[in-house]
Structures are given as C-alpha cells and as structure tokens.
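These notes are about the structure you will find just below.
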Amino acid sequence: MDIFERVKKQRGNIGQYAKEAHGYFAFPKLEGEIGPRMMFRGKEVLNWSLNNYIGLANDPEVRKVDAEAAAQWGLAYPMGARMMSGQTSRHEYLESQLADFVGKPDAFLLNFGYQGMISIIDSLTSRFDCIVYDAESHACIMDGLRLSPAKRYVYVHNDMSSLRKQLEHATKYVATTGGGILVVTEGVFGMAGDLGKLDEITALKSEFNFRLLVDDAHGFGTMGPTGAGTGEHFGVQDKVDLYFGTFAKAMAGFGAFVATDEDVCMSLRYTMRSQMFAKSLTMPMVEGAIKRLEMLKSQPERREKLWTIAHALQNGLKADGMNIGITNSMVTPVYLSGSVAEGMQVVFDLRENYNIFCSIVVYPVIPKGQLLLRLIPTSMHTLEDVKYTIKAFKNVAEKLAKGEYNKELLIDASKL
C-alpha cells in the first residue's frame, strides 16, 4: 500500500470529525489583541480559552522588553544548540532566577514544554528502572513513557492506595534489576483542574525509595503563596525532586524549565536530546521570560485578581447548579450530559448567540454521553464577565436538558 493512502484516512480520534469541525470547533482563528475579548469570525467574543492567567501577554512593559530585545538581537541570536554555540550569560541568569524562585539548587532552560517533558523522562530512566505514573497524566508525559525503556506501572488517578500498590510492584521489580523508581504526576491537572496529591505522594517516601517528577505547567505562577507552584501550595516543594514548569501559561511566553539538584541538572544538560540537538531559545524569548518572571514575583496582585475571578466564576456556576467537578485550581470545567452532536450545538449557540468562546471536549477524549466545557479565568476578566457567563451557561444547560439541541446531524463548519 502507498503510505499516503493510509495516512489520508488516519486522522486520530478527534480528526474523525475534521470535515464538520475544522475552522470552527477545531483550529478556530481568534484574532486581535490577546485578552478576554477577541475577534472570532468577524465579531467580538468573550474569550475563556486562553492560558494568559495573570495578564502578562499584552502588558505594555512586557511588550516593550520583547520589542527591545528583538531590535537589539534579532530573532536569530544565539545560533546553534546551547552545547555547541547557543549559550549566553542571559540564559544562565534566567536559569538561576527560576531555580531561586521555585526553591531548587539549579534549573535547566528548555525550548519547549512538551518536548522537554518527553526528553526529561527519557534522560532520567533506563531499562533497569520503573516509572509509576498517574493514569490521567498529560500527553507529553505519556509520550515520554513511550520513549523510555523503563518498566511502567500506572496508578488510578489521585488514588493513593493504588499508588501504594504500584510502588510495591515497582519496588519488587527494581530489587531484581538494581534500578530505581520515578513517580510522575501533575501539580494541576489541566482538564479537570484538580491537584496532584503532592503532600500524600511525598509522604510515601518514608516507606518507598523513589524520586518524584512534577509537571506543574498550570501551577507555576498561579499556585502557592508566592506563585512558586503546587509544591509550595502543599508545603512540600523541598520533597519534589524534579520540578517542571512552562512559560506558556502564567508567563504567557515561550519555553520551559526543569529545576532540581545541581548534579542532576548538569546530567540533563548533557543527555537531553531534545535540547542537545535543538537551537537555543532566542534572546527575545529569554529577555521576555526574565521580565515576565520579575513581574510574576513583584506583582502578587495579579495572582490575587486571578483567584478573585476564578472563585467568583466557580462559586457562581455551582450556585446555579452547574457541575464543575472537583477542581481546586483556576481551571474551571463545566460537565454536561449529551452527544457529540449536542455538544457542537451547545458551542455553536454559545458562540453565535451569546458571543462566548470556550473550549469543548467530547468523546472519545471523555466518556461517551459526557460533554466538558473548559473555562480558563484570567486576571484580565471582570466580575461582569463572570456574571454574564454564568447566566449564559445556565440558559444553555436548561436548553440542553429540554432536548433543544437534540439534532441528529453534526453542524458542518465548512458550510458556516
């Protein structure tokens, strides 16, 4: 068979709806200034689908630094991978600031969060080791597991009795191989918004010998008294062996980092293939990240405003009977019951008649018959935005319950 003939038919779980969804439900184009109000298909929408948690994306100070760095350095410098020719003192300075902020001896700057997490797991583990991971881990963790030769054990999401059982299995296994155990979880689970039980996981270190890697993409900059993450929130940051954060959420930027012991960091610098063979982060990205981190640390009122909006949104939705699951972070899921077709009708109604833009998750990502609308509050939203959104969600939920979206055919985005 011609490989193209197979690939053309191979679109994955979500891609099976590409004809109906592309350009509207999937790959939509939000235009204009980044913020709570943007343009979608020619009209303004109230946007709940950006990870600009503390409003740094279009802050004038941030944009000034971005522009000045681009003017001074261009978008090419430094050329090459950091190991070969892409190292600068500013890269090293950013690493030192990140390490200090999250309370670790050292940090290693990464080009991408996704590829970074994959490569961390690959670099840390061998065929003699075990990885014990949460069943609802992010796709980047799952891809890292596939790349690693280590034996894998999965525990039921946030279930400590299940984790204990898998640690017992892993302990027996490494006793025969001489390897070690790596436990991997998330600080904030980005879909449901619940927190990894880092306090209970780290408590198990008194019984089992393992190292803990925490993907805190959504927690970095939002969780904890200073925004240093979910480990700080639980008071166990010192017991998190490897702390991973990304600039793509609270920092509204580009890149990521891993913070850990100095010797482990040095090992990662020389073994992470995704960094060894990739171009260094350019100077505008580095200078921009330095500025964003500085503002994250010096302006706690941004994080306080984020939580004001998040609490108002979540409390209001619950008061009106909405099911938001067990979130205890800023991520706000709204669970409804319905088919894929009904879900597309709900989103269409929200966007076209209420001018509200949010993301939807349907089967097969979540169980058949369930719908998930995910709202991402930011410090740039207002309490008026919250009130309007709650009212709109109550209206569409009532219409869904009455069967008003019960149509057999999916909305065909190509005809909109």
Legend entry - Stepwise ring-ring contact (aromatic ring centres under 6.0 Å, His included) test for F220 and F244: CA-CA 9 Å; F220 175 67; F244 171 87; 9.8 Å; no

Inset, instruction - Return each pair, listed once, that meets ring pair (Phe, Tyr, Trp, His ring centres under 6.0 Å) where at least one residue sits in residues 371-393; pairs must be two or more places apart or across chains. - result: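 Those involving residues 371-393 are W48-H381.
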
Inset, instruction - Scan for ring pair (Phe, Tyr, Trp, His ring centres under 6.0 Å) pairs involving residues 184-206, sequence neighbours excluded, and state none if there are none. - result: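 Sorted result for residues 184-206: H157-F189.
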
Legend entry - Backbone N/O of G193 and side chain of T327: donor-acceptor pair under 3.5 Å: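 Here the side-chain-to-backbone pair exists.
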
Inset, instruction - Keeping the roles fixed (side chain from E342, backbone from S339), state whether a donor-acceptor pair exists under 3.5 Å. - result: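 Side chain of E342 to backbone of S339: a pair is present.
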
[Y] and [X] side chains, donor-acceptor separation under 3.5 Å:
X    : Y    : result
R63  : N58  : yes
D134 : S137 : no
S280 : H91  : yes
D159 : S161 : yes
D122 : S119 : no
Y114 : H138 : no

Legend entry - K151 to Y173 six-membered ring, cation-pi geometry met (6.0 Å, 45°):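 Yes - K151 lies over the ring of Y173, closer than 6.0 Å to its centre and within 45° of its axis.
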
Legend entry - Qualifying residues under ring pair (Phe, Tyr, Trp, His ring centres under 6.0 Å), relative to F27, sequence neighbours excluded: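 By the ring pair (Phe, Tyr, Trp, His ring centres under 6.0 Å) rule, F27 matches H22.
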
Legend entry - Those residues that, when tested against F40, pass ring pair (Phe, Tyr, Trp, His ring centres under 6.0 Å) (two or more places apart):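 Per chain and number, F40 pairs via ring pair (Phe, Tyr, Trp, His ring centres under 6.0 Å) with Y24, F357.
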
Inset, instruction - Before giving the answer on ring-ring contact (aromatic ring centres under 6.0 Å, His included), spell out for F25 and F348 the whole-Å C-alpha distance, their side-chain angles and the decisive distance to 0.1 Å. - result: CA-CA 8 Å; F25 301 101; F348 183 81; 7.3 Å; no

Electrostatic pair [X]-[Y], nearest N-O below 4.0 angstrom:
X    : Y    : result
D199 : K239 : no
K172 : E168 : no
E95  : R82  : yes
K291 : E294 : yes
D106 : R269 : yes

Test of understanding: with salt bridge (Lys or Arg N to Asp or Glu O under 4.0 Å), list the residues that count as partners of [X], not counting sequence neighbours.
X    : value
D349 : K399
R273 : none
D194 : none

Measure the spacing between [atom1] of [X] and [atom2] of [Y] and express it to the nearest 0.5 Å.
X    : Y    : atom1 : atom2 : value
F254 : T246 : CZ    : OG1   : 9.5 Å
I181 : F208 : CD1   : CZ    : 8.0 Å
L371 : S337 : CG    : OG    : 7.5 Å

Selection [range] - residue pairs positive for salt bridge (charged side-chain N to carboxylate O under 4.0 Å, His left out), sequence neighbours left out:
range            : answer
residues 352-379 : K43-E352
residues 253-264 : none
residues 302-313 : D59-R302
residues 213-232 : none

Legend entry - Set of residues satisfying side-chain contact (heavy atoms from CB on, under 4.5 Å) with respect to V361, sequence neighbours excluded: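 Only M191, V365, I366, L372 meet the side-chain contact (heavy atoms from CB on, under 4.5 Å) criterion with V361.
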
Inset, instruction - Considering non-hydrogen atoms only, spot the tightest contact between V331 and Q314 and give its length. - result: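 Closest approach of V331 to Q314: O-NE2, 3.6 Å.
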
